[in-house]
Amino acid sequence: LAYLNTMFRYVLPMLLIAPSAATLLNTDNYEELTGGKQVLIKFFAPWCGHCKKLAPAWGELMDHYEGSDTVLVAKVDCTADGKDLCQENGIKGYPSIRYGDPSMLEEYKGGRTLDALKKFAEESLKPTCSPLNLDLCDDEKKSEIEKFMAMPLEDLEKLIEDKNGAIKELQENFQEAGNALRKQYEALAKEKDEKVEEIKSSGLSMMKAVKVAASKTSKSHEIGRAS
């Protein structure tokens, strides 16, 4: 009975979420709206021409899966309140499409027509082990889910916060190291350009011109002697 009460404490709010609210994701609603589902998410910017071109097909796809208990098709505005989600998922260009487990999204590289997207969703977005699909879990995963469900909500939230914080720190360290490498590259490139220009200015161009002239003169002399 205690297990059922704990389960309803976590699962019932997911079931009560309105599907129509699941189309636009941000850091505040992501976990609630994607919980227990396989997802197909478009990361976009409103000004992006390719995003506008994809919008009609994506809208139809969201309508097609509206109300699904197992699949969520949604979008994230990388210029608004979805900016953090875009950074967390390493989004570099628009539109970018990710799919699969909400906590471990994979890059979609298939076609972007409505038919191609529907076919992919039907074939690839299958229900997986989750608190809403315990029948798909092996004993190890069931045990893990039961352990987390037995935790007080405050403790679970703190654990999630700590792990998200660790991920954020890694991303920031990576960004910082990348910036340092970029500055180093720029300094090396500048030094190389300056040294190349210094070598060229030391008479290299004139040397090449003299070489060409000397070669022509030598050939003229050889022709004159032959005649």
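This is a predicted model, so every value here is computed, not measured. For the numbers below, each heavy atom of this structure counts, side chains included, while hydrogens, waters and symmetry mates do not.
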*Let me know which of Asn164, Thr27, Ile167, Leu105 forms a side chain to side chain contact (heavy atoms under 4.5 Å, CB included) with Glu88.*
Thr27
*asked:* Could you check whether Asp115 pairs with Lys119 (Lys NZ or Arg NE/NH1/NH2 to Asp/Glu carboxylate O, under 4.0 Å)?
replied: no
*Check Glu197, Glu198, Glu191 against Lys195 for a side chain to side chain donor-acceptor pair (under 3.5 Å) and give me the one that passes.*
Glu191
*With the side chain counted from C-beta on, respond yes when Asn89 and Val76 share a heavy-atom pair under 4.5 Å apart, and no when they do not.*
no
*Which pair of non-hydrogen atoms, one from Cys137 and one from Ile145, has the smallest distance, and what is that distance?*
SG-CD1, 3.8 Å
*Determine yes or no for a side-chain-to-main-chain donor-acceptor pair under 3.5 angstrom, with Lys75 supplying the side chain and Ala55 the backbone.*
no
*Any pair with a residue in residues 78-107 that passes ring-ring contact (aromatic ring centres under 6.0 Å, His included), sequence neighbours left out, goes on the list, sorted by first then second residue, please.*
Trp47-Tyr94, Tyr99-Phe120
*Is there a donor-acceptor pair closer than 3.5 Å between any side-chain N or O of Trp58 and the backbone N or O of Leu114?*
no
*Going by heavy atoms in the side chains, are Arg98 and Glu106 under 4.5 Å from each other?*
no
_Polar side-chain atom of Asp138 near backbone of Glu140 as donor-acceptor pair, under 3.5 Å_ = yes
*With a 4.5 Å limit on heavy-atom distance, are the side chains of His64 and Lys118 in contact?*
yes
_I need the minimum non-hydrogen distance between Val39 and Pro102, along with the two atoms involved._
CG1-CG, 3.9 Å
*Do the side chains of Leu40 and Ile97 get nearer than 4.5 Å, heavy atoms only?*
yes
*Under 3.5 Å, is there a donor-acceptor pair between the side chain of Asn29 and the main chain of Leu24?*
yes
*asked:* Using a 4.5 Å cut-off between side-chain heavy atoms of Ile, Leu, Val, Met, Phe, Trp and Tyr, which other residues end up in the same hydrophobic cluster as Val196?
replied: none
*Where is the tightest heavy-atom contact between Ser68 and Lys37, given as atom of each residue plus distance?*
O-NZ, 3.1 Å
*With a 4.5 Å heavy-atom cut-off, do Tyr65 and Leu61 have their side chains touching?*
yes
*Does Ser202 reach the main-chain N or O of Ile199 with its side chain, forming a donor-acceptor pair under 3.5 Å?*
yes
*Does Asp81 reach the side chain of Asp28, with side-chain heavy atoms less than 4.5 Å apart?*
no
*Name all residues meeting the disulfide bond (SG atoms under 2.5 Å apart) criterion together with Cys51; count only those two or more places apart in sequence or in a different chain, and write none if there are none.*
none
*Verify, without hydrogens or angle tests, whether Asn173 (side chain) and Glu169 (backbone) share a donor-acceptor contact under 3.5 angstrom.*
yes
*Between Lys183 and Glu186, is there a salt bridge with N-O shorter than 4.0 Å?*
no
